[in-house]
Protein chains: 2
Amino acid sequence: MTIKEIAKLANVSLGTVDRVLHKRGKVSKETEERILAIIKKANYKPNMYARGLVLNKTYHIVAIIPSFKAGEYWEMPTQGILAAEKNLSQFGIKLTLLKFDQNSATSFEEKAKELLELKPDGVILAPVINFEAVKLTEKLKAANIPFNLIDSNLPDSGALSFIGQDAFQSGKLAAKLLCSETQKKGTIAIISVKKNENHNKTLQRRIEGFKDYLYTSKLINDITIVESNIHLSKNDWKKRLKEACNPNNDTIGVFVPSSLVHYVALHFTEDPQYFSKIKLVGNDLIPNNIKYLRSGVISYLIGQRPQTQGYLAMQNFYNHLILKQTPEEKRFLPLDIITQENLIYYDIEFSNIFNLA
Amino acid sequence: MTIKEIAKLANVSLGTVDRVLHKRGKVSKETEERILAIIKKANYKPNMYARGLVLNKTYHIVAIIPSFKAGEYWEMPTQGILAAEKNLSQFGIKLTLLKFDQNSATSFEEKAKELLELKPDGVILAPVINFEAVKLTEKLKAANIPFNLIDSNLPDSGALSFIGQDAFQSGKLAAKLLCSETQKKGTIAIISVKKNENHNKTLQRRIEGFKDYLYTSKLINDITIVESNIHLSKNDWKKRLKEACNPNNDTIGVFVPSSLVHYVALHFTEDPQYFSKIKLVGNDLIPNNIKYLRSGVISYLIGQRPQTQGYLAMQNFYNHLILKQTPEEKRFLPLDIITQENLIYYDIEFSNIFNLA
DNA sequence: ACTGAAAATGTGTACGTACACATTTTTAAA
DNA sequence: TTTAAAAATGTGTACGTACACATTTTCAGT
């Protein structure tokens with residue numbers, strides 16, 4: 001079913017049908033109704049190929065995300081973004097990646113300035129530096145540039161979509177995995193391992209969720225919670241880590257609400273007493289964590305499909321800019337429970353689903 | 001970069017470039033080399049829109065899968081297949097669904113005959129009736145029709161791809177969830193709930209994996225395994241179920257290696273003793289199972305992303321027929337661990353990822 | 001050098017849509 | 001009725017590719 005056929009059925013020209021389809025007006029009411037009826041009855045769907053050919057626009061997306069070293073968390077969302085670019089480039093979606101230093105607001109502002117000069121058709125923003133990110137969203141709104149938030153949300157920012165995880169629920173899940181099965185009484189250590197002083201809302205929400213689970217389920221009657229912050233940038237972090245979880249006290253579990261759990265795992269390997277007595281739960285399937293999950297030092301990892309997050313952020317723009325669909329406001333990805341027995345298929349999941357080499 | 005531009009650079013006509021691109025011959029060697037060099041240098045990629053427009057082929061895929069009532073397992077792969085059809089119809093992929101009765105080889109053979117008469121460009125086959133499925137694959141090979149296997153595999157069948165799960169690993173995972181945390185000694189019941197007498201390899205593999213985990217981990221020293229088959233088609237199934245898991249004996253856990261675990265869960269609700277004492281683990285996120293997971297009767301469900309399986313089976317044909325890519329031979333989907341705390345985001349996962357209303 | 005066939009190269013059209021522009025019809029005022 | 005503006009409708013071209021067909025060039029055999 002083509003525009004031509006519809007025109008013939010309605011006894012009008014292509015142009016009239018076209019005006020109806022695009023609501024350009026200049027069509028008499030009766031004609032319009034007749035054409036719309038035919039379109040509906042015939043279940044007309046525009047030919048994507050012809051439309052793409054004639055429009056032939058290239059849409060420029062800029063993603064502004066934290067820089068990373070190989071194996072660090074932000075490599076994963078980036079993989080997803082790049083995979084999407086590969087699949088969508090044939091439809092005219094082009095990508096520029098801008099990476100900023102998570103510890104430097106100045107770095108972010110520089111990149112944000114660069115971004116605005118590129119006048120992109122869409123922006124993917126990781127608002128890890130909260131205050132500066134808000135400033136950028138306001139400029140984007142003023143310039144009428146649609147943007148997607150990834151990883152963490154800025155409520156009422158006017159974003160097209162937020163794509164990420166429910167951090168509170170992630171914390172609850174961690175608590176369940178760490179505590180619900182052990183009938184033991186004892187101490188649970190929550191260790192926030194950080195690389196910098198940035199105020200990270202995600203970590204905080206995970207910890208809140210973790211505690212919420214314990215209080216709600218009454219497990220708190222048997223369990224003592226000890227919280228500590230370890231800043232890797234400080235010299236005494238190894239010493240502080242030792243204090244935070246000592247195998248000789250009654251610590252039965254450790255929760256590290258970030259991908260940096262492997263630092264604690266490394267510490268555990270130094271004394272076999274640790275991982276035989278203490279259960280360790282953390283977040284994210286980065287190579288270092290996978291290593292310790294495989295060897296049994298880490299009991300569970302909670303995944304949030306970061307590659308899929310990146311992929312969806314891009315696909316959102318495809319849906320919005322090309323298919324003219326309004327995306328959902330929030331997309332929470334599933335919280336995957338990863339353990340030795342199901343690790344393998346998560347490991348290869350991403351290339352599987354998105355058809356990469 | 002278009003064919004036109006390449007032609008101009010090479011000082012030849014469009015036709016000559018076209019002949020080189022499609023290896024139609026009738027081009028002098030020196031011209032061909034010159035053009036190929038330019039194509040390579042310019043990194044020419046054909047315009048998908050123009051190509052799709054001019055080829056304008058429709059590819060006809062037939063999926064032959066078990067029939068189902070609302071809420072039954074096979075509804076989920078079907079959802080994935082239909083979602084893919086919706087997204088891919090714009091590229092000329094059309095679908096016919098043929099549903100057969102799982103309990104009737106005759107029903108399958110009728111549908112298989114119908115399928116061959118349709119002379120499709122691709123087939124999605126759920127080989128749940130093993131022997132008849134093999135016969136069909138041979139006819140498909142003879143007719144040179146590519147096919148994908150879904151849910152369970154037929155080794156060396158000549159399929160384009162197998163898309164499914166690792167049933168053995170699924171069983172191991174179930175055992176870990178059911179036994180590893182409980183320090184208790186006791187009896188574990190493996191209950192194969194079945195609707196028919198079909199020999200189902202998947203159930204068997206799950207049970208093998210389950211036992212393998214117990215034996216390998218030495219948990220078997222404290223645990224007794226009791227296996228039983230419950231055929232829902234027989235009148236005495238309720239009585240048999242009561243015998244299989246009695247709260248008054250030392251049963252500490254029940255594993256039902258299929259989506260029919262909700263029958264056991266229903267039985268559990270009749271006596272609060274059951275679900276306070278016995279941990280129940282089963283497979284698949286069908287509505288009935290979700291209900292009991294939410295209410296706490298079922299402790300864990302293991303998911304295998306059936307919708308994604310269906311979607312991928314279709315996408316495979318898009319990749320193969322339109323993008324001319326060779327798909328991977330086997331695609332094992334991740335084994336998701338679902339519990340009360342992460343159920344919610346799995347529940348909405350599918351519409352999330354595949355962008356459905 | 002001339003011929004005819006083979007080899008090489010060029011040309012034209014179709015695919016379905018979007019949009020600019022041209023033409024026809026209707027309407028209201030003189 | 002005539003007329004000009006407004007409203008409605010029609011026409012033509014471009015997008016990049018694939019493929020059928022037309023034309024030109026090359027070259028062996030006379």
Side-chain angles (χ1 to χ4, degrees), chain A residues 1-40 42-59 88-94 121 318 321-325, chain B residues 1-39 42-59 88-94 321-324:
Chain A
M1 180 56 55
T2 68
I3 291 182
K4 212 180 191 174
E5 294 178 71
I6 289 170
K8 201 181 285 176
L9 285 172
N11 232 4
V12 293
S13 71
L14 295 181
T16 306
V17 178
D18 182 68
R19 273 183 290 270
V20 171
L21 282 170
H22 293 84
K23 295 171 189 167
R24 280 197 246 280
K26 303 193 177 177
V27 179
S28 72
K29 216 163 194 180
E30 44 185 344
T31 309
E32 178 167 12
E33 279 168 12
R34 184 158 37 100
I35 293 176
L36 283 175
I38 292 171
I39 287 173
K40 197 172 181 185
N43 190 27
Y44 167 78
K45 292 268 176 58
N47 182 312
M48 282 303 299
Y49 291 121
R51 164 174 282 174
L53 182 59
V54 68
L55 290 178
N56 193 27
K57 274 189 195 165
T58 70
Y59 297 93
L88 298 175
S89 66
Q90 57 183 328
F91 302 111
I93 300 248
K94 306 293 168 202
D121 303 292
Y318 168 74
L321 297 172
I322 298 181
L323 303 184
K324 310 290 181 196
Q325 294 174 355
Chain B
M1 179 57 55
T2 68
I3 291 183
K4 211 180 191 173
E5 294 178 71
I6 288 169
K8 200 182 285 175
L9 286 171
N11 231 2
V12 292
S13 71
L14 296 180
T16 304
V17 178
D18 182 70
R19 273 183 290 268
V20 171
L21 281 170
H22 294 83
K23 294 171 190 169
R24 280 196 248 278
K26 301 192 177 181
V27 180
S28 73
K29 214 161 195 180
E30 43 185 343
T31 310
E32 178 168 10
E33 279 168 11
R34 183 157 38 99
I35 293 175
L36 282 175
I38 292 171
I39 288 173
N43 189 26
Y44 166 79
K45 291 269 175 59
N47 182 311
M48 283 301 297
Y49 292 119
R51 163 173 283 176
L53 182 59
V54 70
L55 290 178
N56 193 28
K57 271 189 196 166
T58 70
Y59 295 93
L88 298 176
S89 65
Q90 56 184 332
F91 302 113
I93 301 249
K94 304 295 169 202
L321 297 172
I322 297 180
L323 302 183
K324 311 289 180 196

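The chains referred to below are lettered A, B, ... by the order of the sequence lines, with proteins before strands, and numbering in each begins at 1. Please read all numbers here as calculations on a predicted model, not as lab measurements. These numbers come from the heavy atoms of this one structure, side chains and all, not from hydrogens, waters or symmetry mates.
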### Task
Give me the first and last nucleotide of DNA chain C, going 5' to 3', that has any atom under 4.0 Å from a heavy atom of chain B.
dA8(C) to dG16(C)
#### Entry: Closest-nucleotide ordering on DNA chain C, the 5'-leading residue of Lys26(B) and Leu55(B)
Lys26(B)
### Summary
Closest to the 5' end of DNA chain C, once Leu14(B) and Val54(B) are matched to their nearest nucleotides, is Leu14(B)
Sugar-phosphate, base or nothing in reach of [X], heavy atoms under 4.0 Å:
X	value
Ile3(A)	sugar-phosphate
Asn56(B)	sugar-phosphate
Asp18(A)	base

### From Thr31(A), Ile6(A), Leu21(A), residue fulfilling side-chain contact (heavy atoms from CB on, under 4.5 Å) relative to Thr16(A)
Thr31(A)
### Query
Measuring from Phe91(B):CZ to Tyr59(B):OH, what's the distance to the nearest 0.5 Å?
12.5 Å
### Query
What's the spacing between Tyr44(A) OH and Ile3(A) CD1 if we round to 0.5 Å?
4.0 Å
### Query
Given that Ala50(B) and Arg24(B) both sit by DNA chain D, which one's nearest nucleotide is further toward the 5' end?
Ala50(B)
### Message
If you assign Arg51(B) and Arg19(B) each to the DNA chain D nucleotide with the nearest heavy atom, which residue ends up on the more 5' nucleotide?
### Response
Arg51(B)
### Message
How close do Val27(A) and Glu32(A) get, counting heavy atoms only, and between which atoms?
### Response
CG1-N, 3.8 Å
### Query
Can you name the closest pair of heavy atoms from Leu14(A) and Lys4(A) and give their distance?
CD2-CA, 3.3 Å
### Query
What is the ring orientation for Tyr49(B) with Tyr49(A), classed by angle as parallel under 30°, tilted 30 to 60°, or perpendicular over 60°?
perpendicular
